[in-house]
Amino acid sequence: MCGLTAFLALSGGPNCPGSEDASKEAPDLRSQVGESLDLIKHRGPDARGHWFSGDRRVGLGHVRLSIIDLSPAGNQPFHNTDDTIHAVVNGELYDDERIRTELATEYKFKSQCDCEVVIALYQRYGESFLSHLRGEFALVLWDAKRKLFIAARDRYGIKSLYYTVVDGRLLVATEMKSFLPFGWRPEWDVVSLQEKGWMYGPGMFFKGVYRVRPGQYLVSRGFNEGEVRTYWDLDYPCKHDAYPESEADTVARVRELLLESVQLRLRADVGVGVFLSGGLDSSAIAGMTAHIMQQGESLGDDSSGNISRLSCFTVQFDKDSGFDESDIAQRTAQWLGVDFRPVHLDEETIASRLEDTVWHTETPIPDVNGMGRLALAEAAHAAGKRVILTGEGSDEHFAGYGDFLWSYLLEPDYSWASTSASDAAISQTTEMWKAADEMVARGVAGTVIKSTDANAAEKLNQSSIFPRIEWVYQIPFAEWTYKPKPKPKPNSNSNSNATTTPSAPETSFAESFSSKVLANITQKWHPLNSSQYQWTKSVLANYILRYLGDNIDMVYQIETRTPFLDHHLTKYVNTIPPSLKIKYDPVKRNFREKYILREAMRPFITDEVYERMKQPYIGPTRYRKGGAVHGILERLVTERNVQGLGFLDWPRVRENLVKAFGDGNGDGDGDPVYFRSSLVVAQLVVLGRRFGVKTVEGFEKEEEEEEGGVTSRLRGCL
Ligand SMILES: *[C@@H]1O[C@H](CO)[C@@H](O)[C@H](O)[C@H]1NC(C)=O
Ligand SMILES: *[C@@H]1O[C@H](CO)[C@@H](O)[C@H](O)[C@H]1NC(C)=O
Ligand SMILES: *[C@@H]1O[C@H](CO)[C@@H](O)[C@H](O)[C@H]1NC(C)=O
Ligand SMILES: CC(=O)N[C@H]1CO[C@H](CO)[C@@H](O)[C@@H]1O
């Protein structure tokens with residue numbers, strides 16, 4: 001668990017030997033890499049290292065947070081025996097002992113560090129070594145003999161990895177801010193902000209900056225610009241195939257796989273704890289951890305087997321906010337006999353953390369949960385922990401979100417025994433629709449937000465989750481941003497801007513998936529599967545895992561591990577029929593979300609958590625006028641700051657800020673929609689200032705300045 005930065009001078013670029021500019025004074029690479037690492041130094045306080053090739057065309061830098069094998073032998077970069085393969089790795093690889101034993105005869109390991117298996121596996125398997133890694137990681141590997149450069153990211157996007165090209169150099173780093181010391185001058189990508197493309201596509205809200213997407217890697221040979229390839233993807237069976245197993249067998253198998261996943265993640269040479277809420281997922285993690293300790297396993301560096309030393313950290317909102325779940329978490333902790341650590345999150349704490357939260361996550365998301373997570377990480381650090389288990393990824397895989405009910409009902413589930421006869425299946429689905437509508441009428445279920453783009457919705461066979469993404473935030477763009485963009489000049493090699501109208505957001509969303517995936521969505525997958533796929537690739541990877549994950553936890557050197565995001569578990573869970581995930585009760589006429597998980601976790605959770613229906617974990621959205629949150633928004637969302645962005649409509653921004661707090665007598669008549677909108681504007685202001693982003697001056701101006709830059713292949717098509 002660390003941070004990395006790397007560069008590769010591309011052929012033909014100004015930094016490649018023999019180019020006209022080569023006589024130009026070479027930049028001081030050592031200090032550029034050093035400054036690049038300084039910006040993320042909190043990610044790795046224990047050691048720092050770098051490596052440059054003899055001709056200085058390749059460089060790797062790394063900061064280390066020691067988790068396994070705390071000795072200097074685990075410091076990075078790693079090099080193979082004949083010093084021809086070099087790698088930097090950020091992350092945690094499980095099951096590495098087995099791999100070590102397997103490769104012991106052909107590779108001389110220097111440390112006990114889990115990440116050292118990367119080079120050994122590469123030597124053995126070449127490019128396909130990625131499929132042998134289990135865990136969360138982002139890595140860069142350079143094979144000098146084959147002139148092969150690989151930058152890869154884990155299957156779910158638990159770790160971040162971004163890239164761009166500056167002065168002919170391909171730059172790759174854990175966080176975008178690390179590009180700044182290399183001379184990167186950030187510019188807003190207005191279309192990406194308008195279409196919310198940065199929440200689902202490869203491109204970020206900064207022009208020319210891309211992410212390596214989950215399950216993919218960027219590969220360059222012989223210093224060419226490289227291309228993006230996929231080594232892993234989520235897949236689902238055909239919706240007409242019958243599911244061969246019984247419910248009882250499925251419950252047992254889910255339990256077994258989850259226990260294994262948790263057990264692997266308890267291994268560390270430092271203190272381990274749990275983030276606990278009132279929900280099923282984190283309660284199950286805490287319960288399984290206690291259970292595994294009772295079986296005699298160590299909890300990180302603690303082998304006492306003393307359950308009361310398992311610390312669980314819980315966010316506690318103000319009691320009158322209506323959002324506080326900490327009582328439930330406390331009862332879970334009591335029942336398990338573990339150490340309960342509430343972390344109170346008052347308005348002042350939220351306000352004072354707003355700016356740091358968006359700087360570290362590089363993710364402007366309009367809620368206060370990131371601030372809560374930062375406070376949790378701080379508390380865990382203060383309690384001496386370095387590793388924390390969390391529950392992310394469960395809702396995506398076991399169908400926990402309210403919206404999934406509606407994609408479940410879109411088509412009958414032919415895969416499940418009790419409904420596989422098609423007439424029965426169809427009439428049961430009709431029955432369930434009625435029950436769901438009644439639940440909406442009673443106010444116990446939310447309606448689905450309808451798609452506004454029929455054409456795009458069809459491409460996704462009506463399973464589109466884009467309306468939900470669209471709902472997250474609305475900000476008033478300046479009038480000119482809606483005007484058609486001028487066509488790119490004919491000799492320009494940037495082909496992705498060929499559209500003349502910027503806004504067809506849902507089409508962009510649909511087109512962010514490969515044609516293979518779109519074909520599966522329309523022909524092969526049940527709509528519930530299709531929604532789960534879309535959600536995992538967009539909201540989970542780019543929102544949840546960023547704003548409530550690694551980039552924020554690492555501010556306080558907390559490595560979070562997510563047992564629900566284990567690919568062996570995913571592979572199995574993706575074969576479980578929709579009817580076992582969302583189970584209909586024909587007597588009570590209601591639905592049980594995450595049914596199969598609930599049953600599998602029954603021994604490890606309280607009755608209260610078992611019975612409870614899903615409450616989305618959202619923080620408060622109504623605040624008092626004159627309070628700390630209002631104060632920070634007033635300070636950030638000013639005319640000067642908003643004009644400094646260049647693409648928003650100031651009068652409407654101002655109006656929204658007023659509506660966000662209502663008449664201000666604290667009786668909660670502020671409007672959450674405008675609160676979220678104002679929060680995003682404030683976050684953009686912070687990003688603009690801290691990154692030193694240029695004010696946008698209009699599309700025409702932009703076109704003139706646009707240089708070839710990154711080619712379409714580098715844009716990272718799936
Ligand atoms: C278990 O840990 C708690 C808290 O650290 C301590 O008070 C208690 O004495 C320990 N119990 C045993 C049996 O060591
Ligand atoms: C989609 O379908 C094709 C053809 O059946 C298959 O090869 C592919 O792996 C499937 N899945 C994804 C995620 O593309
Ligand atoms: C996807 O659909 C198939 C058939 O309907 C089913 O067997 C499978 O379990 C589903 N997967 C998920 C994740 O819902
Ligand atoms: C919900 C929905 O519209 N499903 C359709 C998906 O596409 C197939 C044909 O490819 C239709 O049969 C389904 O009705």
Side-chain angles (χ1 to χ4, degrees), residues 131 155-157 200 213-216 228-241 271-274 289-290 293-294 296 298-312 333-334 336-341 383-385 396-397 403-415 422 425-426 429-430 432-433 436 448 450-451 453-467 506 510-538 540-541 567 570-571 573-575 578 717-718:
S131 330
R155 295 171 177 82
Y156 306 92
Y200 52 82
R213 295 164 95 183
Q216 297 195 334
V228 174
R229 295 195 187 150
T230 302
Y231 69 90
W232 188 85
D233 205 350
L234 297 160
D235 217 334
Y236 308 92
C238 176
K239 58 192 172 193
H240 293 286
D241 295 350
V272 176
V274 172
T289 304
M293 286 174 74
Q294 269 152 355
S298 299
L299 175 70
D301 63 358
D302 179 356
S303 56
S304 69
N306 184 343
I307 306 276
S308 63
R309 289 167 66 167
L310 167 59
S311 301
C312 295
Q334 248 160 21
L336 291 171
V338 300
D339 172 34
F340 179 64
R341 306 272 183 119
K385 306 299 171 202
E396 286 72 14
H397 290 91
D403 289 352
F404 287 147
L405 172 60
W406 302 103
S407 35
Y408 169 49
L409 296 176
L410 279 175
E411 284 182 28
D413 179 4
Y414 299 107
S415 67
S422 50
I426 291 167
T429 305
T430 315
M432 289 193 290
W433 263 111
V448 72
K450 288 255 165 20
S451 170
D453 180 342
N455 208 320
E458 195 150 320
K459 283 199 173 94
L460 295 167
N461 208 220
Q462 313 306 326
S463 70
S464 172
I465 64 152
F466 184 77
E506 191 157 5
E511 287 171 354
S512 74
F513 301 105
S514 73
S515 53
K516 264 206 281 185
V517 166
L518 290 175
N520 283 330
I521 287 180
T522 48
Q523 288 154 30
K524 192 176 148 202
W525 295 345
H526 188 278
L528 175 62
N529 291 342
S530 303
S531 295
Q532 288 181 320
Y533 182 92
Q534 295 164 46
W535 194 278
T536 306
K537 296 293 175 174
S538 58
L540 178 68
H567 70 285
T570 296
K571 195 166 166 220
V573 172
N574 283 359
T575 67
C717 36
L718 200 69

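Below, all heavy atoms of this structure are taken into account, side chains as well, without hydrogens, waters or symmetry copies. One is the number of the first residue; the rest follow in order along the sequence. Atoms within a ligand are numbered from 1 in the order they appear, just like the ligands themselves.
- The protein heavy-atom contact nearest to atom 7 (O) of ligand 4 is Asn461 ND2, 2.4 Å.
- Classification of Asp453 and Lys459 as a salt-bridged pair fails, no side-chain N sitting under 4.0 Å from a carboxylate O.
- If you take CG on Asn529 and CG on Asp235, they are separated by 9.5 Å, rounding to the nearest 0.5 Å.
- In terms of protein heavy-atom proximity, atom 1 (C) of ligand 2 is nearest to Asn520 ND2, 1.5 Å.
- Atom OG of Ser464 sits about 13.0 Å away from atom NZ of Lys450, to the nearest 0.5 Å.
- For atom 14 (O) of ligand 1, a protein non-hydrogen atom is found at a distance below 4.0 Å.
- Looking at heavy atoms from C-beta onward, Tyr533 lies in side-chain contact with Asp233 at the 4.5 angstrom threshold.
- Nearest to atom 13 (C) of ligand 4 among the protein's heavy atoms is Glu411 OE2, 3.6 Å.
- Not a single N or O atom of Ser514, backbone or side chain, sits closer than 3.5 Å to an N or O atom of ligand 2.
- To the nearest 0.5 angstrom, Gln534 atom CD is 11.0 Å from Phe466 atom CZ.
- The ligand atoms of ligand 2 that sit less than 4.0 angstrom from a heavy atom of Val517 are 13 (C), 14 (O).
- Shown here is Asn306, whose CG atom has more than 12 heavy atoms of other residues, nucleotides or ligands within 6.0 Å.
- Where the criterion is an N or O separation shorter than 3.5 Å, residue side chain and backbone included, Thr522 meets it with respect to ligand 4.
- In summary, the atoms of ligand 2 found under 4.0 Å from a heavy atom of Asp233, numbered by their order in the structure, are 13 (C).
- The shortest N or O to N or O distance between Trp525 and ligand 2 is not under 3.5 Å.
- Residue contact check: Leu234 has heavy atoms under 4.0 Å from atoms 13 (C) of ligand 2.
- Counting only heavy atoms of the protein, atom 9 (O) of ligand 2 lies nearest to Asp235 OD2, 3.2 Å.
- The Ser308 neighbourhood of ligand 1 comprises atoms 1 (C), 2 (O), 3 (C), 4 (C), with distances under 4.0 Å to a heavy atom of that residue.
- Between Asn520 and Tyr236, the side chains place no donor N or O within less than 3.5 Å of an acceptor N or O (distance only, hydrogens not considered).
- Nearest to atom 3 (O) of ligand 4 by heavy atom, out of Lys239, Gln462, His526, Lys524, is Gln462.
- The distance from atom CG of Leu460 to atom CG of Asn455, rounded to the nearest 0.5 Å, is 10.5 Å.
- Looking at ligand 1, you won't find any N or O of Arg309 less than 3.5 Å from one of its N or O atoms.
- Atoms of ligand 1 found under 4.0 Å from any heavy atom of Asn306, numbered from 1 in the order shown, are 1 (C), 2 (O), 3 (C), 8 (C), 10 (C), 11 (N), 12 (C), 14 (O).
- When distances from atom 7 (O) of ligand 1 to the protein are checked, no heavy atom turns up under 4.0 Å.
- Aromatic ring pairs are classed by plane angle as parallel below 30°, tilted from 30° to 60° and perpendicular above 60°; the pair Tyr156 and His397 is perpendicular.
- The CG atom of Asp302 sits 4.5 Å away from atom CZ of Arg309, with the distance rounded to the nearest 0.5 Å.
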